[in-house]
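Read through the structure below, which is laid out as structure tokens, and then see the notes.
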Amino acid sequence: MKKLWQWLTLMLAAILLIGSTGNTLVQAANNEQPANNEQPAANDQSLQKIKNKGTLVMGTSPDFPPYEFIAHGKSKIVGMDVFIAQKIAKDIGVKLVIKSMDFDSLLVALQTGKVDMVMAGMSKTAKRAKSVDFSDIYYNGGMDLVIHQADKDKYPNYRALAGQAVGAQTGSIQYNLVKEQATKSKLKSMDKITDLILALQTNKVAAVVLDQASAEAYANNTKGLIAVDAHFKVKVPGTAIAFPKGSQALVNSANQSIAEIKAKNLIQKQYLPQAGKYMVSGSFKGSKDKKAAAKAKANNSMWAYKDFFAAGLGYTIFISAISVFFGFLLGVILSLMRLSHNKIASAIATSYIEFVRGTPLMVQLLFVYFGLGLVVNIPALLSGIIAVSLNSAAYVAEVIRSGINSIPVGQTEASRSLGMSRTMTMKYIILPQAMKNIWPALGNEFVSLIKESSIVSVIGVKDLIYQSRIVQSDTYRGVMPLIITMILYFIITFGISRLMKHFEGKMSHE
């Protein structure tokens, strides 16, 4: 029996060895390409779909210079990744369209069809490759620490940061490196790199881990900061383009463009120098050329970005006004449904109100934009309005319901005794008195809605928060854009409060 078992083991080993050798010989004979250049499936229409619609939609988070960022003094997104994407789109024969959103929402946008590809200085990792198809690597860079210049000797690498707070962007390869290797440090994650740099400047973190190119960009343009090699132990994965799973035809097309870019060394010779021209230097304070220093200072002032803040203010007011209108209408309907004697209508309204009030607005917004996006492609602005309106309606409904319940039952009995129907009683007797009672609470809800609408910036809606982050990224100044944004929000909310107070006074005298 023992000999039989040994014989079976030897036979199995021989079969495995022959099979492995056979596969190797077949691969060599057929001169197979790496996985990224494999032949697309027969039903792969990914490239043809792009050609048919005439656009290639690139998803990115434009706070990662020199990869992608907002051009100084302009509202367009530029950078090395953008120039590569333009090359790919040109080679395909279509127009490039760029969609901006938070970094940790990019892969969700790719999987739900909001974008055709993601370029955001994204590292090609095995974990990400399970859910997306990657192009060939187009850029290799190390990992750096951005630290205060005074801490150069104190923090020469990540090991020296034991016990210190270290910042990294949520969902990034840097986040994972800090989590896995710098275990003695305190990891602080944020969605935006501009927020991380601000945290460093205000001593909330001792260092920020960034890709080498981005670290040098921020260090060169932010006074008092430097970039040093982080010395992580693992080989840093290269930067590549992410595509939806099963789009090998599109991946192969992109790889052809990347091969030409590498052959001509366009990144070093053209794309990086071109990106540098769009970046403003923060070193004008020590310049010996007084005219150049004065011009740089003027271009870097908050007044130079008044159009950005004005555009953000316009979007914020527009979103708030539309959401208030539809939120109030739906709130009235929901409150009447909940008070209805119809058990089905009451149950539907109650379930809706409790569900919406029991889930975060952020989750609702992402569901409307990404979740419903699997069925119908809803633009970011419309998604923001829908989510904020639906959320506000639940709270408005409860405010109105409490106002209706505050009216003495005798009012209803008296109106019914006069021959008025239930509908007429509600319309002419109950609701007018209820509105008078709930006016202050409605005013508070409307003011809260204006502030809550700022959450739409996470899906790329260009409201005040979105524009302030652009200014932060463009000027490398973290605090002042926030102060201006706070003042603008205060002006809006204070104005609404005064207006509601005015009408409340008029109601009290009626």
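One-based numbering along the sequence shown.
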For Asn252 and Gln256, run side chain to side chain donor-acceptor pair (under 3.5 Å): C-alpha distance rounded to whole Å, both residues' side-chain angles, the deciding distance at 0.1 Å, then the answer.
CA-CA 6 Å; Asn252 289 348; Gln256 291 176 7; over 6 Å; no
Begin with the C-alpha distance, continue with both residues' side-chain angles, and end with the deciding distance and a verdict on side chain to side chain contact (heavy atoms under 4.5 Å, CB included) for Glu260 and Asp91.
CA-CA 11 Å; Glu260 184 179 346; Asp91 290 345; 4.3 Å; yes
Run the side chain to side chain contact (heavy atoms under 4.5 Å, CB included) test on Ile465 and Tyr315 for me, step by step, so that the C-alpha distance in whole Å, both residues' side-chain angles and the decisive distance to 0.1 Å come before the verdict.
CA-CA 10 Å; Ile465 297 297; Tyr315 271 100; over 6 Å; no
Residues Ile319, Leu381; criterion side chain to side chain contact (heavy atoms under 4.5 Å, CB included); working and verdict:
CA-CA 8 Å; Ile319 294 168; Leu381 178 59; 3.7 Å; yes
Side chain to side chain donor-acceptor pair (under 3.5 Å) for Gln364 and Asn391? Distances and angles first, verdict last.
CA-CA 8 Å; Gln364 297 165 18; Asn391 180 271; 3.0 Å; yes
Using the rule given for side chain to side chain contact (heavy atoms under 4.5 Å, CB included), can you reason through Tyr271 versus Asp81, listing the C-alpha separation, both sets of side-chain angles and the distance that settles it, and then say yes or no?
CA-CA 8 Å; Tyr271 297 155; Asp81 281 353; over 6 Å; no
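Considering CG of Leu365 and CD1 of Ile455, their distance stands at 6.0 Å, rounded to 0.5 Å. Rounding to the nearest 0.5 Å gives a distance of 12.5 Å between OG of Ser189 and CD of Gln174. Rounded to the nearest 0.5 Å, atoms CD (Gln270) and NZ (Lys264) are 9.5 Å apart. To the nearest 0.5 Å, atoms CD1 (Ile226) and CG (Asn220) are separated by 11.0 Å. The line from OG1 of Thr60 to CZ of Phe69 is 11.5 Å long, rounded to the nearest 0.5 Å. The line from CG of Asp116 to NZ of Lys99 is 9.0 Å long, rounded to the nearest 0.5 Å.
When every heavy atom of Val94 is checked against every heavy atom of Thr55, the shortest pair comes out as CB-N, 3.9 Å. The shortest heavy-atom contact between Gln86 and Leu96 is CG-CD2, 3.6 Å. When all heavy atoms of Ile258 and Ser135 are compared, the pair lying nearest together is CD1-OG, 3.5 Å. Looking at every heavy atom in both residues, Ser320 comes nearest to Thr316 through OG-O, 2.8 Å. Ile173 and Thr125 get closest at one heavy-atom pair: CD1-CG2, 3.7 Å. Shortest non-hydrogen contact noted between Asp133 and Ser247 is OD2-N, 3.3 Å.
Not a single donor-acceptor pair under 3.5 Å links the side chain of Gln181 to the backbone N or O of Phe232. Checked by atom type and distance alone, the side chain of Lys186 never pairs as donor or acceptor with a backbone atom of Ala162 at under 3.5 Å. A side-chain donor-acceptor contact under 3.5 Å links Ser457 to the backbone of Ser454. Ser389 places a side-chain N or O within donor-acceptor distance of the main-chain N or O of Ile385, the cut-off being under 3.5 Å. Under the 3.5 Å distance criterion, the side-chain polar atoms of Thr493 are matched with a main-chain donor or acceptor of Phe490. Side-chain atoms of Gln467 never come within 3.5 Å of backbone atoms of Ala311 as a donor-acceptor pair (strictly under, hydrogens ignored). In this structure, the side chain of Lys262 engages the main chain of Ile137 through a donor-acceptor pair within 3.5 Å. Using modelled atom types, one side-chain atom of Asn255 and one backbone atom of Asp136 make a donor-acceptor pair closer than 3.5 Å. Thr170 places a side-chain N or O within donor-acceptor distance of the main-chain N or O of Met190, the cut-off being under 3.5 Å.
Val209 places none of its side-chain heavy atoms less than 4.5 Å from the side chain of Leu177. The side-chain heavy atoms of Asn157 and Asp229, taken from C-beta on, include no pair separated by under 4.5 Å. Contact of the Leu187 side chain with the Tyr175 side chain is registered, since non-hydrogen atoms from C-beta on lie closer than 4.5 Å. With contacts defined as side-chain heavy-atom distances shorter than 4.5 Å, the pair Leu250/Ile92 qualifies. In this structure the side chain of Glu68 never reaches within 4.5 angstrom of the side chain of Ser61, judged on heavy atoms. The side-chain heavy atoms of Tyr158 and Val166, taken from C-beta on, include no pair separated by under 4.5 Å. Side-chain contact check for His148 versus Leu225: some heavy-atom pair is nearer than 4.5 Å. Using a 4.5 Å cut-off on side-chain heavy atoms (C-beta onward), Phe367 and Thr359 make no contact.
For NZ of Lys462, the number of neighbouring non-hydrogen atoms (other residues, nucleotides, ligands) closer than 6.0 Å is 12 at most. Within 6.0 Å of the NZ atom in Lys95, the count of heavy atoms belonging to other residues, nucleotides or ligands does not exceed 12. Applying the 6.0 Å contact sphere to CG of Asn203 captures more than 12 heavy atoms from other residues, nucleotides or ligands. More than 12 heavy atoms of other residues, nucleotides or ligands sit less than 6.0 Å from atom OH of Tyr489.
Evaluation of the side-chain hydrogen bond (donor to acceptor under 3.5 Å, both in side chains) rule for Asp144 yields no partner, not counting sequence neighbours. Legend: residues meeting side-chain contact (heavy atoms from CB on, under 4.5 Å) with Lys49, ordered by chain and number and at least two apart, are Gln45. Taking the side-chain contact (heavy atoms from CB on, under 4.5 Å) definition, one finds that Gln164 meets it with Tyr155, Leu161, Ala206, sequence neighbours left out. Considering only residues two or more places apart in sequence or on other chains, Tyr139 meets the side-chain contact (heavy atoms from CB on, under 4.5 Å) condition with Tyr67, Met80, Ala213, Thr239, Ile267, Gln268, Leu272. Residues passing the salt bridge (charged side-chain N to carboxylate O under 4.0 Å, His left out) test with Lys152, sequence neighbours excluded: none.
None of Val115, Leu56, Val57 except one satisfies the side chain to side chain contact (heavy atoms under 4.5 Å, CB included) rule with Val97; the exception is Val57.
Ion pairing between Arg469 and Asp191 fails under the 4.0 Å rule for side-chain N and carboxylate O.
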Can you give me every donor-acceptor pair (side chain of residues 100-114, partner residue at least two apart or in another chain, under 3.5 Å) with its distance?
unit_1: Ser100; atom_1: OG; unit_2: Tyr466; atom_2: OH; d: 3.2
unit_1: Asp102; atom_1: OD1; unit_2: Lys192; atom_2: NZ; d: 3.3
unit_1: Thr112; atom_1: OG1; unit_2: Val108; atom_2: O; d: 2.8
unit_1: Thr112; atom_1: OG1; unit_2: Ala109; atom_2: O; d: 3.3
unit_1: Lys114; atom_1: NZ; unit_2: Tyr369; atom_2: O; d: 3.2
unit_1: Lys114; atom_1: NZ; unit_2: Asn377; atom_2: OD1; d: 3.0
unit_1: Lys114; atom_1: NZ; unit_2: Ile378; atom_2: O; d: 2.9

